[in-house]
Asks: 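I have a structure here, written as structure tokens, and I will follow up with some questions on it.
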Number of protein chains: 2
Amino acid sequence: MSDSVPESTRQTLDRLYEDPENRLTSLFELAPDDEQVDAQLGVFKALANEHRIRILEALKEGELCACELQVVLDAPQSTVASHLRELKDAGLVKTRRQGKWTYYRIGDTAALQLLEIAHALAEGE
Amino acid sequence: MSDSVPESTRQTLDRLYEDPENRLTSLFELAPDDEQVDAQLGVFKALANEHRIRILEALKEGELCACELQVVLDAPQSTVASHLRELKDAGLVKTRRQGKWTYYRIGDTAALQLLEIAHALAEGE
DNA sequence: CATACATATCGATAAAGGCCGTTTTAATAC
DNA sequence: GTATTAAAACGGCCTTTATCGATATGTATG
């Protein structure tokens with residue numbers, strides 16, 4: 001495995017550690033597998049937008065249809081629709097169709113936990 | 001307050017509810033204040049990147065210097081440095097300078113909670 | 001002082017994401 | 001069937017973010 005390590009890196013590590021070979025190995029072991037990172041990334045990307053955060057906050061109190069969310073966000077229909085699509089794709093909201101209305105609700109309480117923890121974390125700074 | 005509501009919205013709500021005026025009011029109350037959303041947004045933006053997630057995962061086990069994180073990420077020095085800057089600005093990591101090395105560590109255990117919850121959430125899909 | 005090296009910042013380019021008017025689909029009522 | 005309305009998808013334009021070589025800054029050592 002150490003064949004893939006550039007010489008410059010090896011030299012750096014040589015200077016830093018008694019046992020560079022061992023340290024190198026443990027550094028590589030710190031990398032989580034791609035699937036896990038991709039999964040986490042999908043969730044955080046879905047949350048990394050003001051409109052989408054506002055949608056989830058609004059849905060705390062219960063389900064709302066897309067047209068109501070347009071009022072909450074004060075944004076055009078197509079804009080709101082695309083954000084709802086992203087939240088749904090990420091599994092953060094679920095939908096229920098009733099007649100011509102589509103109702104959105106929180107898909108997993110973990111989504112609310114994320115919002116709360118992020119809020120608390122930012123407060124603490 | 002209802003002066004700021006477009007006529008089209010009012011008409012939609014008229015069709016939907018017995019007491020549209022009341023419903024409109026409660027819809028507006030669903031909006032959290034800008035500061036809270038900004039704070040949450042800052043956290044999620046910082047987490048919405050594969051390299052930055054990998055950095056935090058690597059720091060789970062303890063502090064690492066920037067040069068070690070270059071090995072973990074297998075990315076150029078300037079790229080890693082800019083991600084570290086973002087994580088620091090977001091309060092997700094803290095730094096300690098020792099000689100010419102800068103050591104990075106998790107700034108708040110809430111950061112690790114976010115990673116875990118996001119992972120679990122995505123698994124459940 | 002000069003040199004070496006770790007890290008930080010700058011800046012140009014490339015990639016990704018967001019916005020929103022328009023169009024299409026789907027459900028309902030007549 | 002037509003008309004109406006909610007929601008979804010399309011597509012062009014624009015803004016934001018990411019990348020990474022080059023340069024600057026900071027910190028040791030001789």
Side-chain angles (χ1 to χ4, degrees), chain A residues 6-17 37-38 41-55 63-90 93-105, chain B residues 6-17 37-38 41-55 63-90 93-105:
Chain A
E7 189 55 27
S8 61
T9 298
R10 181 177 305 281
Q11 289 169 356
T12 298
L13 293 168
D14 282 350
R15 281 190 300 277
L16 287 171
Y17 305 109
V37 175
D38 273 5
L41 186 55
V43 171
F44 292 128
K45 276 190 175 182
L47 290 165
N49 174 274
E50 178 171 348
H51 281 152
R52 295 196 291 273
I53 290 175
R54 287 189 185 282
I55 290 170
E63 67 178 14
L64 294 170
C65 68
C67 66
E68 290 174 308
L69 288 165
Q70 286 171 47
V71 177
V72 173
L73 297 187
D74 190 25
Q77 185 270 328
S78 59
T79 298
V80 176
S82 65
H83 288 303
L84 288 170
R85 178 66 143 72
E86 282 197 63
L87 287 171
K88 190 180 178 184
D89 287 348
V93 302
K94 293 200 185 314
T95 60
R96 173 177 74 85
R97 182 126 198 179
Q98 180 177 313
K100 45 188 169 186
W101 293 281
T102 305
Y103 286 91
Y104 288 81
R105 64 181 187 280
Chain B
E7 189 56 25
S8 61
T9 297
R10 181 177 305 280
Q11 289 169 358
T12 298
L13 293 168
D14 282 350
R15 281 189 300 277
L16 287 172
Y17 303 109
V37 176
D38 273 5
L41 186 55
V43 172
F44 292 129
K45 277 190 174 180
L47 291 165
N49 176 274
E50 178 171 349
H51 281 152
R52 293 194 292 271
I53 289 175
R54 287 189 185 281
I55 290 170
E63 67 178 11
L64 294 171
C65 68
C67 66
E68 291 174 308
L69 289 165
Q70 286 172 48
V71 177
V72 174
L73 297 188
D74 190 25
Q77 184 268 328
S78 59
T79 298
V80 176
S82 65
H83 288 302
L84 288 170
R85 179 64 143 72
E86 281 197 63
L87 287 171
K88 190 179 179 186
D89 287 348
V93 303
K94 294 201 187 313
T95 61
R96 173 177 74 86
R97 183 128 199 178
Q98 180 177 313
K100 44 188 169 184
W101 293 281
T102 305
Y103 285 91
Y104 288 82
R105 63 182 189 279

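Below, chain A is the first sequence line, B the second, and so on; all start at residue 1. None of these values were measured; they are calculated from a predicted model.
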Asks: Let me know the distance between CD of A:Q98 and C1' of D:dA7, rounded to the nearest Å.
Replies: 15 Å

Asks: Are A:H83 and C:dC19 close enough that a side-chain N or O sits under 4.0 Å from OP1 or OP2?
Replies: yes

Asks: Quickly work out the A:I53 CD1 to C:dG18 P distance and round it to whole Å.
Replies: 11 Å

Asks: Does B:K45 make a side-chain N or O approach to OP1 or OP2 of D:dT17 shorter than 4.0 Å?
Replies: yes

Asks: In this structure, which one of A:R96, A:K94, A:R105 forms a salt bridge (charged side-chain N to carboxylate O under 4.0 Å, His left out) with A:E63?
Replies: A:R96

Asks: Using the side-chain heavy atoms of A:W101, tell me which of these nucleotides is nearest: C:dT7, D:dA7, C:dT22.
Replies: D:dA7

Asks: Distance check needed: C:dC19 P versus A:L84 CG, whole Å only.
Replies: 12 Å

Asks: Could you tell me if the side chain of A:F44 sits less than 4.5 Å from the side chain of B:I53, heavy atoms only?
Replies: yes

Asks: Please confirm whether the shortest side-chain N or O distance from B:R85 to OP1 or OP2 of C:dA8 is below 4.0 Å.
Replies: no

Asks: Take atom CD of A:E50 and atom C1' of C:dG17, then tell me their distance rounded to the nearest Å.
Replies: 15 Å

Asks: On the nucleotide C:dG18, are OP1 or OP2 found under 4.0 Å from the side-chain N or O atoms that A:N49 carries?
Replies: yes

Asks: Please evaluate residues A:T79 and A:H51 with respect to the criterion side chain to side chain contact (heavy atoms under 4.5 Å, CB included), reporting the C-alpha separation (whole Å), side-chain torsions for both, the decisive distance (0.1 Å), and the verdict.
Replies: CA-CA 9 Å; A:T79 298; A:H51 281 152; 4.2 Å; yes

Asks: May I ask you to verify if any side-chain N or O of A:H51 is less than 4.0 angstrom from the OP1 or OP2 atom of C:dC19?
Replies: yes

Asks: On a heavy-atom basis, which atom in A:G42 and which in A:A90 lie closest, and how many Å separate them?
Replies: O-CB, 4.2 Å

Asks: Could you state the atom-to-atom distance from OH of B:Y103 to P of D:dG26 in whole Å?
Replies: 20 Å

Asks: Would you indicate which nucleotide in C:dC20, D:dA7, C:dT7 comes nearest to any side-chain atom of A:Q77?
Replies: D:dA7

Asks: Nearest whole Å is fine: how far is C:dG17 P from B:F44 CZ?
Replies: 17 Å

Asks: Looking for any heavy atom pair under 4.0 Å, which part of the strands does A:A66 touch: base, sugar-phosphate only, or nothing?
Replies: sugar-phosphate

Asks: If you assign A:P76 and B:T79 each to the DNA chain C nucleotide with the nearest heavy atom, which residue ends up on the more 5' nucleotide?
Replies: B:T79

Asks: For D:dA6, take OP1 and OP2 only and decide whether either is under 4.0 Å from a side-chain N or O of A:Y104.
Replies: no

Asks: Measure from CD on B:E86 to C1' on C:dT9 and round the result to the nearest Å.
Replies: 14 Å

Asks: So if I take every side-chain heavy atom of A:R52 and compare against D:dG26, D:dA18, C:dG18, which nucleotide ends up nearest?
Replies: C:dG18

Asks: If you check the A:A81 side chain, which of D:dA8, D:dT27, C:dT7 turns out closest?
Replies: D:dA8

Asks: Nearest whole Å is fine: how far is C:dT9 C1' from B:D89 CG?
Replies: 13 Å

Asks: Does the side chain of A:H83 come within less than 4.5 Å of A:R85's, by heavy atoms?
Replies: no

Asks: Scan B:T102 against the nucleic acid and name what it touches under 4.0 Å (heavy atoms): base, sugar-phosphate only, or nothing.
Replies: sugar-phosphate

Asks: A:Y104 pairs by side chain to side chain contact (heavy atoms under 4.5 Å, CB included) with which of A:L87, A:L84, A:I55?
Replies: A:L84

